[in-house]
Structures are given as structure tokens and as C-alpha cells.
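Have a look at the structure below before the remarks.
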Amino acid sequence: MLAGNSIGKDFRVTSFGESHGKLVGAVVDGCPAGLALSEADFQSELDRRIPLQLKIVSGRIEKDRVEIVSGVFNGFTTGAPISITVENKEADPSDYEAIKDLPRPGHADYPAWFKYRGFNDYRGGGRFSGRVTVALIMAGVVAKKLLSNFGVEVLAYTKAIGTVKMHKTLSAEEIRERRYEAAVRCPEVRCAEEMEEAIVNARKEGDSLGGIIECLALNVQAGIGEPLFDSLDADIAKILMTIPAVKGVEFGAGFKAAELKGSENNDTYRMQHGKVRALTNNAGGILGGLSSGMPLIIRAAVKPTSSIAKEQRTVNLRRMKDAKIRVKGRHDPCVVPKAVPVVESAVAIILADHMIRAGVIPKVLEGWK
Ligand SMILES: Cc1cc2nc3c(=O)[nH]c(=O)nc-3n(C[C@H](O)[C@H](O)[C@H](O)COP(=O)(O)O)c2cc1C
């Protein structure tokens, strides 16, 4: 895995580490100097990463302790690359020995074996594991702290699990306050109970579920993005598609816009208190690859976890024969709850990058000491 592990131009994030290796880490290069940053900023985010509800998550509960290795001095970022790591302490490779020649249907095992000729670390999915997303979460902590100094907030939450969808549209305040109340990370409490039940039932059947994560970005000023190929929506879609199990991304009305007429889909403008306002937000806050000044509304579709206990057909790569597989070990029956902070972090990373590129965030933050 040589190239392809970095994203962003002026705020550049590099991810490293595997599921069952020594540690997982991120390097953030290009973060402005002068941002107050401590290990406690990361710890609170890592502490709430895994819902402590064993019914709906895998048994691998890593009590992550973050270490800032470089780039912070006297409590402030210095402008040098910031490296942050967490150790893997709960890795258990034993479940993977039995199936190392049997690629799990729906997982990255077969294409990874083909590309790297078996040299890749297959334990726990190696580089393709959800564990690696901790790097995005840690870089996201830096991005979110930077954005908050410029009034921008990013909020992700669970919108649907399988066929159970949120019934109500909640305000940003309600989402902010309640999204971490339920283990499934859905701020509509009654709906969260139904979602949890659906996950528990799928797991009992040896199966799994997917879902939809919605992410809002508030107070993003108009004009952020670098058309054509570094358009804001293009860059957000790219980072979200790197999250394991994310299979679709949409903005605003998204795929539903294809069924609407122009007169229904257009967000018409009015003057309000001397400012241009759109009355609706089918565009999801991005037009022409530039932020429109409306809230960003982004959705990521997450597929059902591929590692399931039900028997499935596969092949034995050593014998080159048909085979059967039942995936044992510690797997999330639904990865959506754990992916919520990952989506939030990913969107924050792209916004931080583009706001620096636009000159809205300066390279040195003055006057905050
Ligand atoms: C936070 C998180 C946790 C995950 N946990 C699991 C898991 O326990 N078992 C599994 O089979 N896949 C899990 N995945 C998904 C796989 O890593 C992913 O499906 C696989 O790498 C193939 O990539 P693709 O689905 O994007 O094509 C997880 C993903 C995320 C984001």
C-alpha cells in the first residue's frame, strides 16, 4: 500500500496503521499554528466512539489512549506536522487463522489478496478494517476544533438502520443534544429503540444491517470550494467513499431530485434583512461545487456488515476450490453507529482544507494566546 493514504491539499491528512498492528495513527500537515490543542481534546471524542452497548457492537472495545507525538508545543499547534497515535491493545488474530484462505464475501479479502499477492496483513481486515477509521476521527478532532474557531459546526447522526427510518425532522439543537443519547446514535429516541431492536434481531439470525448517516455542516459561508475538480461536493464525496462500508453519498434532495421538476427542485431566493436567502435547501448547501451559504446536508449510505455468522459460499484460495464459510469472531452487526463520528470527522477535514485554501482560515492564528 504505497500511495493513496493521504487526502487534502492545504490541510493534509495521512492515515497509517492496521487493525492488528501495533498502533493506528494520523499525521495532519498544514494545520495553522496557534490552535490550542491537547490530548484531552482527542480523548473525549475517542471515549464516545464506541457505543458501550454490547448488544449492537462487536466485542472489541479498545480503551484508546491518545498520544500526540509531534506538532504541539506549550498547548498550541506549532505549524509542524501533528502526529497522533493510539495503540491496538485488544486485537485477537486467532479468528482469522481459520479463514485466511477463505475470502469473506462482501469484504476486501479477495481483491486485497489479488493485489498484494498475499503479503497484506489480513488479520482483522488489516488496512481495510473499520479500526483504521480512528485515524480519521483523530484528524477530525483537529479539523473540528479549527472550524469551531470560525463558527462552523459539523453534526452527524443516524438517520436510518435497515428499513427503520427517522419519522421526524429535528432541529440542529435537538440533534446536537440527543444524537449520542442512544447507542445507535439516532437523536429521535423512540426511533432509536426500534433501530436497536432491528440490529439485535439481525444479529440473532446470524445476519447484519446497514443504514444511512446524515451530516449537517452549519455556518459555512458562501463560495467555499475549488471548481472544477476540487469542488466542495466532489471532495466530500471522495473522502466519504473512503470510509469502509460506505456505498453511496448524496447531497440535499440527492437521488430524489431526479424525480422532481425544476420548479419543485429549485431553491428560490428572497432578500431577508439585507441578505440573500434561499427558501428551501434541495441543493444541500452546494451549487456549482461551491457552498451556497445554506447548511450543508450530506448523506452516506452504509452497507450491512459483510462478516456474518450465517453460512455462505466462498472459495479456498490455497486449494482453488469451492468452499463454505461462517465468519466467527468479533464483528459489528451494524457499523452505522461507529461510523457516525467517522463521517462527521471526514466532512470536517474537507471543510478545514477548503477554508484554508479559500484564505478564510489563516495559516497562523493570531491573538489567541
Ligand atoms: C467503524 C467501522 C467498523 C466496521 N466493522 C466491521 C466489522 O466488524 N466487520 C466487517 O466485516 N466489516 C466492518 N466494517 C466494514 C469493512 O471494513 C468494509 O466493508 C470492508 O473493508 C470492505 O470495504 P467496502 O465495504 O467499502 O467495499 C466496518 C466499517 C467501519 C467504518
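Both backbone and side-chain heavy atoms feed into the values below; hydrogens, waters and symmetry mates do not. All values derive from a computational prediction rather than experimental measurement. Just follow the structure's listing: the first ligand is 1, and inside any ligand the first atom is 1.
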*Is ligand 1 under 4.0 Å from a heavy atom in the side chain of Lys303, in the backbone, in both, or in neither?*
side chain
*Should one rank His331, Lys338, Lys247, Arg131 by closest heavy-atom distance to atom 9 (N) of ligand 1, which comes out on top?*
His331
*With heavy atoms under 4.0 Å as the rule, classify the contact between Thr305 and ligand 1 as side chain, backbone, both or neither.*
side chain
*Look at atom 26 (O) of ligand 1 and find which of Ser306, Gly329, Ala245 reaches it with the closest heavy atom.*
Ala245
*Hey, does Phe128 come in under 3.5 Å of ligand 1, counting only N/O atoms on both sides?*
yes
*asked:* Under 6.0 Å from the ring centre and within 45 degrees of the ring axis: does the NZ or CZ of Arg48 meet both conditions for the six-membered ring of Tyr180?
replied: yes
*asked:* Check this for me - ligand 1, Ser307, N or O atoms closer than 3.5 angstrom, yes or no?
replied: yes
_Tell me whether Arg190 at atom CZ has more than 12 heavy atoms from other residues, nucleotides or ligands lying less than 6.0 Å away._
no
*Nearest neighbour in protein (non-hydrogen) for atom 31 (C) of ligand 1*: Pro244 O, 3.3 Å
_Lys310/Glu205 salt bridge by N-O under 4.0 Å criterion_ = no
*Do Arg313 and Asp322 sit within salt-bridge range, that is, some charged N less than 4.0 Å from a carboxylate O?*
no
*May I ask whether Gly125 has any heavy atom positioned less than 4.0 angstrom from an atom of ligand 1?*
no
